[in-house]
Protein chains: 4
Amino acid sequence: MDNKPGAVHDVKAQVSDEALVTRRRGQIIASAVELFSHQGFYRTTIQDVARKAGVSAGLIYQYVSDKEDVLLLALLSVLESYKHEIPAALEGLSDPLERFQAAIRAYCRVVDQRREATVLAYRSTKSLPDDRRRLIKDCEIETNGMIAACLADCIRAGLMRDVNVELVTYQLVTFAHSWALKHWRLKELCGLEQYVAEGLDFFAHALLTPKGWRQWKRMAESTTG
Amino acid sequence: MDNKPGAVHDVKAQVSDEALVTRRRGQIIASAVELFSHQGFYRTTIQDVARKAGVSAGLIYQYVSDKEDVLLLALLSVLESYKHEIPAALEGLSDPLERFQAAIRAYCRVVDQRREATVLAYRSTKSLPDDRRRLIKDCEIETNGMIAACLADCIRAGLMRDVNVELVTYQLVTFAHSWALKHWRLKELCGLEQYVAEGLDFFAHALLTPKGWRQWKRMAESTTG
Amino acid sequence: MDNKPGAVHDVKAQVSDEALVTRRRGQIIASAVELFSHQGFYRTTIQDVARKAGVSAGLIYQYVSDKEDVLLLALLSVLESYKHEIPAALEGLSDPLERFQAAIRAYCRVVDQRREATVLAYRSTKSLPDDRRRLIKDCEIETNGMIAACLADCIRAGLMRDVNVELVTYQLVTFAHSWALKHWRLKELCGLEQYVAEGLDFFAHALLTPKGWRQWKRMAESTTG
Amino acid sequence: MDNKPGAVHDVKAQVSDEALVTRRRGQIIASAVELFSHQGFYRTTIQDVARKAGVSAGLIYQYVSDKEDVLLLALLSVLESYKHEIPAALEGLSDPLERFQAAIRAYCRVVDQRREATVLAYRSTKSLPDDRRRLIKDCEIETNGMIAACLADCIRAGLMRDVNVELVTYQLVTFAHSWALKHWRLKELCGLEQYVAEGLDFFAHALLTPKGWRQWKRMAESTTG
DNA sequence: CATGAATGAGGATTCATTCAT
DNA sequence: GATGAATGAATCCTCATTCAT
């Protein structure tokens, strides 16, 4: 329910009509994400955002209190798309290994779709004052939690070694992010599909127990064959 | 020999005395890295840099043509400390697996020492115009090359699986960087030593052949025992 | 119709309301002409212009893209007052000699009214980049053309000798300008009226044919008597 | 004796050796005239002047107290070349009409030789504070005096009409200056020789008495024939 | 005498933010 | 609610001038 673009998150609007707030923020954020991603936060002016959103500069300040607020909203919209996609990809899957694979795949796919925005999140989170940055981190932790849960399930099922879940989660998350962060180079080495495949293979070797391995290979055969 | 802080790299100074240029640039860059790391590039004024370096604002422009030049120099100084430390850590080691371990360890150690600066590099490379960014990327590629070489040696020696070297290199590099990028969270989970240890264990599982494993365990025992 | 102060001339404003643009530019230019004339272009700051115009410094940049643009606009406003006054003075006159006299007189009168501004035009045209200077020169050529036409008419009517029209036009134009350029000295020798009278007498001797002379004297008598 | 480049004129040097002062100022002024003429006073930095003169920036301040001092010296050096050339051209001539012609010719020739510098004088005299500008004006008045004297002699000899000498002198002087000021256009109409010839013809018609005319024609024939 | 590195005040320009319409 | 003109603080950069060597 707070996944709608323009959801509130402590950012106060001066306009009361909630539906309007949501719609306007949606416009604003979409433009902001695009511009911030390409030109960076500081190189983008509020006028730029207003122009691209097809509204006046003044209007923005009725839905946001700061330029930094726009950044916050923009970053949250990115992070929330992560939080959205992963559960959607797991829908209906119950096997731990399948869920693990699906989660990684989904994460990489969103990152690929919002590549520029992902880079933006890395670049610009620090541009936020501490309290607003907190919100971003909470959001990231929440997403990580979903990955971590998949991992924990695999371990609990004896399919993976008993590794430090949170540390490995960072490896997995970072793997997804890297597709965006290092895209300038990776795109010359392989496509998204191969990237994910090689990654999963790597993680399989790193994590699976013999039992896990057997299932993993069975899964692979049933997919291929 | 162009690793000295303040090395030239296309950035032209108006002062001819080379020793002075090196010294002054050293001062300027040190202050810049510190300030940029904490406040970000755009929030830091040239006056800030000058004040912290104990020089006048005007002086900076005798050693640099732009504020962006200061950023370039700052980033290069970070990347060059990587390029410096890794070979130093490999000095005298000939065993591929030892070299591999030492390289990862060294990389993580530099990142730890220059944690803020590493974050800076992630945040601010995009603030540079394309041509200057090129220099940064070249530098990064070079560092990656050193890791990749260690990896390739292990594979060639039959100690590791025949993986896609460059892709895995990115995993390794990213692992080191993450210590800085996610330090706000990781520091609550473990110290650098444990981080590296768990990482190496993870990579060992992911990469080693049976032959590699035997040697790896022997190494571990000789270190521990 | 493009004689209004603030007429557009390739100088782009960021404000769309045309009437406002005209009004604001009028304010800005008036202040700029005054200040530039007294202190020179380089000694005058945009803040000075803003203060005198009763607006903020930032506002100026919504109507002008450069400080040089302000100069361009200022110079054009001066040159356009020339282009305006001369035809106005010739209105209703059909006799070539009368038109000639009226044109010179009008020119000298405008120069006298905008003495400082005329000096400004001489001093500062070269401070403009080539392309903008072009605009100034075009404007000057146009004004000269009006004087030249009067001269040519007199020649065609057999009232003046067949001299090189453009060269002599420069003499006439220069004569008018000199009243401003050398005012520091001329004002001690005579008033504007006498300056014009002596000038016309000089040019009459230099240019009139016997036929021209007869008419010239008749004109003088009818004016005096 | 104060025609030497670098003559003192109230401008105090910190160096005592007079010969050296003269030499150094010569170097400095030559570079300054060149640079100021092309780029204008404000666009030229002291460093520019120093570089072109092949000296250090600091050195200039040992021979001059101000950047404005450099301008003053530069302008004086131009005006003094006028004061120099005219008497030189009159040397040995005693006939008033010949002297008149020679003076105009000489003036135009110097202006032609130092065209850029002449424009500089027009542009930049106002950039000087009042007291230093005084020096320039005195110098100009002195030069005008030489032209005025030639004119007065012609009148006294009954060769020219009894016009207001100083006013007409301004016409003559202005005629010479115009060759520089309007050179961008005039050069397309004629060369210096023709410019002078047409000018002299114009002035002849404007000024000569019948007696003067007869001699003027005789002079022309003897030159031509 | 000469050098040229260092200073720091000064000014053009940008842009987040406000507010009258 | 929306607009966009106006503000003015903030910052980069230049350059005349000084002074230690």
Side-chain angles (χ1 to χ4, degrees), chain A residues 13-17 20-21 24 42-51 54-70, chain B residues 13-17 20-21 23-24 42-50 54-70, chain C residues 13-17 20-21 23-24 42-50 54-70, chain D residues 13-17 20-21 24 42-51 54-70:
Chain A
Q14 299 193 17
V15 172
S16 46
D17 178 344
L20 184 56
V21 171
R24 288 299 200 192
Y42 288 101
R43 285 202 192 300
T44 304
T45 70
I46 286 289
Q47 297 280 355
D48 289 340
V49 176
R51 198 174 312 119
V55 299
S56 70
L59 179 136
I60 293 182
Y61 284 87
Q62 302 212 285
Y63 296 92
V64 129
S65 64
D66 249 355
K67 193 188 174 192
E68 276 172 355
D69 247 13
V70 179
Chain B
Q14 302 202 22
V15 172
S16 45
D17 178 345
L20 185 55
V21 171
R23 186 162 63 82
R24 287 302 200 193
Y42 289 101
R43 284 203 192 303
T44 304
T45 71
I46 285 288
Q47 297 279 356
D48 289 341
V49 176
V55 300
S56 69
L59 177 138
I60 292 182
Y61 287 90
Q62 300 216 298
Y63 296 91
V64 132
S65 63
D66 249 3
K67 194 188 173 193
E68 273 173 356
D69 245 14
V70 180
Chain C
Q14 302 202 22
V15 172
S16 46
D17 179 345
L20 184 57
V21 171
R23 186 161 63 82
R24 287 302 200 191
Y42 288 101
R43 283 203 191 302
T44 303
T45 70
I46 285 289
Q47 297 280 357
D48 289 341
V49 176
V55 300
S56 69
L59 177 137
I60 292 183
Y61 286 89
Q62 299 216 297
Y63 295 92
V64 130
S65 62
D66 249 1
K67 194 187 173 192
E68 273 173 357
D69 245 14
V70 179
Chain D
Q14 298 193 19
V15 172
S16 46
D17 178 345
L20 184 56
V21 171
R24 287 300 199 193
Y42 288 100
R43 284 202 193 298
T44 304
T45 70
I46 286 288
Q47 296 280 355
D48 289 340
V49 176
R51 197 174 313 120
V55 299
S56 69
L59 178 136
I60 292 183
Y61 285 86
Q62 303 212 284
Y63 295 92
V64 129
S65 62
D66 249 356
K67 193 187 174 192
E68 276 171 354
D69 247 13
V70 180

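Per chain, numbering begins at 1; letters A, B, ... match sequence-line order.
The CD1 atom of Ile60(D) lies 11.0 Å from the CD atom of Gln62(D); values are rounded to the nearest 0.5 Å. The CD1 atom of Ile46(A) sits 9.0 Å away from the CG atom of Asp66(A) when rounded to the nearest 0.5 Å. How far NZ of Lys67(D) is from OH of Tyr61(D): 8.0 Å, rounded to the nearest 0.5 Å.
The distance between atom CD1 of Ile46(A) and atom C1' of dT14(E), rounded to the nearest whole Å, is 14 Å. Going from atom NZ of Lys67(C) over to atom P of dG11(E) covers 9 Å, rounded to whole Å. The OH-C1' distance, from Tyr42(C) to dG10(E), rounds to 16 Å in whole Å.
Backbone-only engagement by Tyr63(B) is indicated by non-hydrogen atom pairs under 4.0 Å involving sugar-phosphate atoms exclusively. In this structure, Ser65(A) reaches neither bases nor backbone, as no heavy-atom distance under 4.0 Å exists between it and the strands shown. At the heavy-atom level, Leu59(B) lies under 4.0 Å from base atoms of the strands shown. In this structure, Gln14(C) reaches the sugar-phosphate backbone alone: every heavy-atom distance under 4.0 Å involves primed, P, OP1 or OP2 atoms, never a base. Looking at heavy-atom distances under 4.0 Å, Arg24(D) makes contact with sugar-phosphate atoms alone, never a base.
Put simply, chain C comes within 4.0 Å of DNA chain F, heavy atom to any atom, from dA5(F) to dG8(F), going 5' to 3'.
An OP1 or OP2 oxygen of dG4(E) is reached within less than 4.0 angstrom by no side-chain nitrogen or oxygen of Ser56(D).
Annotation: of the two residues near DNA chain E, Glu68(A) and Leu20(B), the 5′-most nearest-nucleotide partner is Leu20(B). Where Gly58(C) and Gln47(B) each meet DNA chain F at their nearest nucleotide, the meeting point lying more 5' is that of Gly58(C). Heavy-atom distances to DNA chain E give each of Val15(B) and Ala57(B) a nearest nucleotide, and the one nearer the 5′ end belongs to Val15(B).
Taking both residues in full, the closest heavy atoms of Tyr63(B) and Val21(B) are given as CE2-CA, 3.8 Å, listed atom of the first, atom of the second, then distance.
For Gln47(C), the side chain to side chain contact (heavy atoms under 4.5 Å, CB included) criterion is met by Thr45(C), Arg51(C), Ala57(C), not counting sequence neighbours.
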Margin query: Checking Arg24(C) against Leu59(C) for the side chain to side chain contact (heavy atoms under 4.5 Å, CB included) test, could you report, in this order, the C-alpha distance in whole Å, the side-chain angles of both residues, the deciding distance, and whether it holds?
Written below: CA-CA 9 Å; Arg24(C) 287 302 200 191; Leu59(C) 177 137; 3.8 Å; yes
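For the residue pair Ser65(C)/Asp69(C), the side-chain donor-acceptor check at 3.5 Å is satisfied.
Listed by first residue number, the stems of DNA chain E with at least three Watson-Crick or G-U pairs below 3.5 Å are E:2-21 with F:2-21.
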